[in-house]
Novice: 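Take this structure first; my questions come after.
All values below were derived from every heavy atom in this structure, side-chain atoms included, with hydrogens, water molecules and symmetry-related copies excluded. We count residues from 1, following the sequence as given.
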Amino acid sequence: MRKLLLSVLFFLLLALPAGAEIVISEVMASNGVYTNGEAYDWIELHNTGSKKVDLSGCYLSDSQKNRTKWAFPPNTSIKAGGYLLVYCTGEEMSPGSKSTFYANFKISASGDQIYLTAADGKTDLVAFSFPAQYGNISWGLPQDGGEYGYFEEATPGKKNGKAAFLSRTDAPEILTAGGFYDAAVTVQAKGPKGASLRYTLDGSTPTEKSKLFPEKGLAFSKTGVLRIRAFGENQVSSEIVSASYFIGEEQPVAVVSLITDEKYLFDKKTGALVKGNNADYPNYEREWEYPTNIEFYNAEGLCEINQMGTFTAAGHSARQNAQKSIAIYARKAYGEDRFYFNPFPNRDYDSYKSLLLRGANSDAFSTRLRDVVISSLAEPLDIIYQDALAIEVYINGEYWGHYNLREKINKHFIAQWENVTEEEAIDHIDILARTGRDEFLQNGDNTDWLALCDFCKKEDLNNPENLEYVLSQLDVDSMFTHAIFEIIVGNDDFTNVRVYRVSGGKWKYLLFDVEAGFLSLDKAPMNYYLKKVTDKIQGFRHEPMAALLNVPEMEEKFLSRFAEILEISFQWPYMESKFAPWEETLEILIPRHLARWPHFTMKEWRQNVDAVKYYARVRPMKIVALLQKHMKLTDEEVEAHFSRVQKLLEEANILK
């Protein structure tokens, strides 16, 4: 132990004013507390002296060779007995103020050094190192002094705990696999020698006050969840291990089981899945991200993943639904930084960073299949879309209904589709929603997109140079495919437009959230996509499309692609092959789902599905006439582009 301390810790105080004693009192190098998708590591400085210390112009760095990586801004000080927190972002951003700052370097969970250097850039005020870190466990000085060590609970910006430890208890092992059992099962577990095993059955985090795990095992006679933690003497408690036991449950499809503390779920003050006490700013809108254990059991009952990660409430207006959509994330601070499995039928990826448990959102009270089926029609069209799998979800052992497991739209989702593998390139993928303005910037930068839209608004693309410039920036095939698909299915939710760009690539369109499709024979959303350049912007930037369609050769390309997509994706035998498996699956799942969430009847569900299938068959046959009228196409143009596909549709889609 003495060797460990000597090898990992050195602490120097130099050149501070009399009465001033600055220490690095706590560091977190593997943070698991996420806010808006970010969990920056942090360094806590503490003034243990009796006088305020001015740090203006002083430097903080993790490099012995470069002590001036980041400087405290003017008017930075720590009062006597006060704390100052520096988040290590690795990005150039506002330095912060008062007691919270943002440095442009990162610190390493494998162990690192930190230097606080005077404003001269040469004189060390504090030099400090720390050993390899455990996920979401901080390292620092106990509040009453003593030796550095690991804390059971991190306290950023606040007084540290009274005890710090030099090691962590090894995790226990659940010997009886979680999964599906026909009858009661007795679960066995073991822990490291000398440690006590504590357990809970309600999803809560085991503490030293939780019940001791019985040596003879624990009997499960009904569906439930188990969490176990090991507590060793003079050590930080172990990681939590968890498992779900489904007793006498039928399993028609794959299952996702989430296990987490009730306070993270439904508590009015802290729960992410409830409205809470603030009617103007509901909890489910706050993007709170909390730890959870995540299990995935495939349709054969095999557990493909069981790991800690995080979850948030997901979706937009549908967050108001009782059955919330839930995003889940693999986070390094809790173990694996990916979900190493592939649940989707049309993907060959070996892992995912995040996934979406989608509660069917606005289609939750209708068919629960419209978005997944319509999205699947894009499979042969070379445009990015979310794959899907019907699942059932349990939360803390309670059946939570039918969900559609989806790929989650973010930079990692796009990187997989575009085969981008370098982390820096992934970080710089641009993703923009709606109009692409700052409030709709999901990742990266929007400057080039807004400039391109403005260029299309102002310049005549019949000028070859102007057209060449736009074609060098924009993947026209992607834009046309997206617009045509949305028009054919009649997706009237026109704000659901996103564009993206990988480094060195062109802007492309992303297909998602088409559950408002196949609802009518109206011309919408044609009037949103096919507009004049000077028309009012509604939901997304229409100018690139409008400007290109003013170029005869581009209009020809658009019409040809329109006919091609009708032929590829919208003949009824192909569409029926997409509807059929979802209908068959939901026919089994919906009765139990309705017992949990009684929003409609099975009869109404059947009627709704039949209505969607009717529009799926008829709308493609009607769309050419609507397009002709809207674009003022001549009969000769319609004949040239659509005569073949119209005959195919009349044969394939006609109602028998």
Novice: What residues form a salt bridge (Lys or Arg N to Asp or Glu O under 4.0 Å) with Glu44, not counting sequence neighbours?
Specialist: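 For Glu44, no residue satisfies salt bridge (Lys or Arg N to Asp or Glu O under 4.0 Å) once neighbours in sequence are set aside.
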Novice: List for me each residue that meets side chain to side chain contact (heavy atoms under 4.5 Å, CB included) alongside Gln64, sequence neighbours excluded, and say none if there are none.
Specialist: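 Testing Gln64 for side chain to side chain contact (heavy atoms under 4.5 Å, CB included), a comparison that skips the adjacent residues, returns Arg67, Tyr115.
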Novice: Scan residues 254-283 for pairs that pass salt bridge (charged side-chain N to carboxylate O under 4.0 Å, His left out), counting only residues two or more places apart or in two chains.
Specialist: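 Qualifying pairs: Arg227-Asp261.
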Novice: Restricting to pairs with a member in residues 399-415, which pass salt bridge (charged side-chain N to carboxylate O under 4.0 Å, His left out), not counting sequence neighbours?
Specialist: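 For residues 399-415: Arg347-Glu407, Asp371-Arg406, Lys411-Asp427.
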Novice: Could you work out, with salt bridge (Lys or Arg N to Asp or Glu O under 4.0 Å) as the rule, every residue matching Arg501, not counting sequence neighbours?
Specialist: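 Asp430, Asp448.
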Novice: List for me each residue that meets side chain to side chain donor-acceptor pair (under 3.5 Å) alongside Gln320, sequence neighbours excluded, and say none if there are none.
Specialist: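 Per chain and number, Gln320 pairs via side chain to side chain donor-acceptor pair (under 3.5 Å) with no residue.
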Novice: My understanding is that only residues two or more places apart in sequence, or in another chain, count here; which of them pass side chain to side chain donor-acceptor pair (under 3.5 Å) with Tyr59?
Specialist: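 Checked Tyr59 against side chain to side chain donor-acceptor pair (under 3.5 Å); zero matches.
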Novice: Return the set of residues passing side chain to side chain contact (heavy atoms under 4.5 Å, CB included) with Lys69 (not counting sequence neighbours), or none when no residue passes.
Specialist: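 For Lys69 the side chain to side chain contact (heavy atoms under 4.5 Å, CB included) partners, ignoring immediate neighbours, are Ser61, Asp62, Ser63, Asn66, Asn104, Phe105.
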Novice: Quick one: which residue pairs count as a salt bridge (charged side-chain N to carboxylate O under 4.0 Å, His left out) with a foot in residues 79-96, not counting sequence neighbours?
Specialist: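 Residue pairs with at least one partner in residues 79-96: there are none.
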Novice: Which residues pass the side chain to side chain donor-acceptor pair (under 3.5 Å) test with Thr447, not counting sequence neighbours?
Specialist: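 Scan of Thr447 (side chain to side chain donor-acceptor pair (under 3.5 Å), adjacent residues dropped) gives Asp445.
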Novice: Should Glu287 and Arg319 count as an ion pair when the cut-off is N to O under 4.0 Å?
Specialist: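 Counted as a salt bridge, because a side-chain N and a carboxylate O are separated by less than 4.0 Å.
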Novice: According to salt bridge (Lys or Arg N to Asp or Glu O under 4.0 Å), who are the partners of Glu418, at least two apart in sequence or on a separate chain?
Specialist: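 Salt bridge (Lys or Arg N to Asp or Glu O under 4.0 Å) list for Glu418, sorted by chain: Lys508.
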Novice: Within a radius of less than 6.0 Å around CG of Asp144, do more than 12 heavy atoms belonging to other residues, nucleotides or ligands occur?
Specialist: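 Buried by this count: over 12 neighbours within 6.0 Å.
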Novice: Test of understanding: with side chain to side chain donor-acceptor pair (under 3.5 Å), list the residues that count as partners of Asp513, not counting sequence neighbours.
Specialist: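 Residues passing side chain to side chain donor-acceptor pair (under 3.5 Å) with Asp513: Arg358, Asn496.
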